[in-house]
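Below you'll find the structure, written out as structure tokens, and then a few comments.
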Amino acid sequence: QVHLVESGGGLVQPGGSLRLSCAASRNIFSINAMGWYRQAPGKQREMVATITSGDQTNYADSVKGRFTIFRDNAKNAVYLQMNSLKPEDTAVYYCKFVILYSAYENHDYWGQGTQVTVSS
């Protein structure tokens with residue numbers, strides 16, 4: 001019943017910028033954490049950036065200093081600002097919400113994915 005809708009992907013030249021967005025289809029009152037992950041063909045899905053309910057952030061070494069994750073709790077949304085993009089950033093990007101249902105149970109919800117291509 002909870003769907004995450006992503007947008008913002010596209011084709012950009014090296015050194016360019018994109019902002020990805022991800023919003024839930026309905027209000028959620030217990031989001032523990034949000035994150036962005038990416039997957040290129042033939043590769044494992046990898047963590048790009050995460051943010052907790054306390055606004056603690058974590059980034060993959062490959063994107064530190066270039067990407068910024070932030071959230072808007074009122075809109076049930078998470079964003080990824082990507083600057084100084086490199087061809088190595090080319091992948092399908094997925095957002096994830098970790099939703100708490102009880103003190104002992106939570107569930108992961110994933111967006112549909114959005115393609116980011118960095119090329120001249």
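- Annotation: disulfide bond (SG atoms under 2.5 Å apart) contacts involving residues 44-81, sequence neighbours excluded, are absent.
- Evaluation of the side-chain contact (heavy atoms from CB on, under 4.5 Å) rule for Ser119 yields Leu11, Thr117 as partners, not counting sequence neighbours.
- Only one option out of Arg38, Gln115, Gln39 pairs with Tyr93 in a side-chain hydrogen bond (donor to acceptor under 3.5 Å, both in side chains); it is Arg38.
- Side-chain contact annotation: Asn58 with Gln56, donor-acceptor N/O pair under 3.5 Å absent.
- Under the 4.5 Å side-chain heavy-atom criterion for grouping Ile, Leu, Val, Met, Phe, Trp and Tyr, Val2 is connected to Met34 within one hydrophobic cluster.
- The hydrophobic cluster containing Val118 also contains Val48, counting ILVMFWY residues as joined when their side-chain heavy atoms lie under 4.5 angstrom apart, directly or transitively.
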Side-chain polar contacts of residues 95-108 - donor-acceptor pairs under 3.5 angstrom, sequence neighbours left out - could you list them?
unit_1 : atom_1 : unit_2 : atom_2 : d
Lys96  : NZ     : Tyr37  : OH     : 3.0
Tyr101 : OH     : Tyr109 : OH     : 2.4
Ser102 : OG     : Tyr104 : N      : 3.2
Ser102 : OG     : Glu105 : N      : 3.2
Glu105 : OE2    : His107 : NE2    : 2.8

Under 3.5 Å, side-chain donor or acceptor atoms of residues 68-78 against the rest of the protein: list the pairs with distances, not counting sequence neighbours.
unit_1 : atom_1 : unit_2 : atom_2 : d
Arg71  : NE     : Asn73  : OD1    : 2.8
Arg71  : NH1    : Thr52  : O      : 2.4
Arg71  : NH2    : Asn73  : OD1    : 3.3
Asp72  : OD1    : Ala74  : N      : 3.2
Asp72  : OD1    : Lys75  : N      : 3.4
Asn76  : OD1    : Ile28  : N      : 3.2
Asn76  : ND2    : Asn27  : OD1    : 3.0

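- Taking all atoms of both residues into account, the shortest heavy-atom contact from Ile31 to Ser53 is O-CB, 3.8 Å.
- When the salt bridge (charged side-chain N to carboxylate O under 4.0 Å, His left out) test is applied to Arg66, the partners found at least two apart in sequence or on another chain are Asp89.
- Of all non-hydrogen atoms in Ser17 and Ser84, the two that sit nearest each other are OG-N, 4.3 Å.
- At a threshold of 4.5 Å between non-hydrogen side-chain atoms, the residues Leu80 and Phe67 count as touching.
- Scanning all heavy atoms of the two residues, the minimum distance from Gly9 to Val116 falls at CA-CG2, 4.2 Å.
- Evaluation of the side-chain contact (heavy atoms from CB on, under 4.5 Å) rule for Lys64 yields Tyr59, Asp61 as partners, not counting sequence neighbours.
- Side-chain contact between Met82 and Arg19 is absent, with no heavy atoms from C-beta onward closer than 4.5 Å.
- With a 6.0 Å cutoff to the six-membered ring centre and a 45° limit on the axis angle, Arg45 counts as a cation-pi contact of Tyr94.
- In this structure a side-chain-to-backbone donor-acceptor pair under 3.5 Å is present from Gln112 to Glu6.
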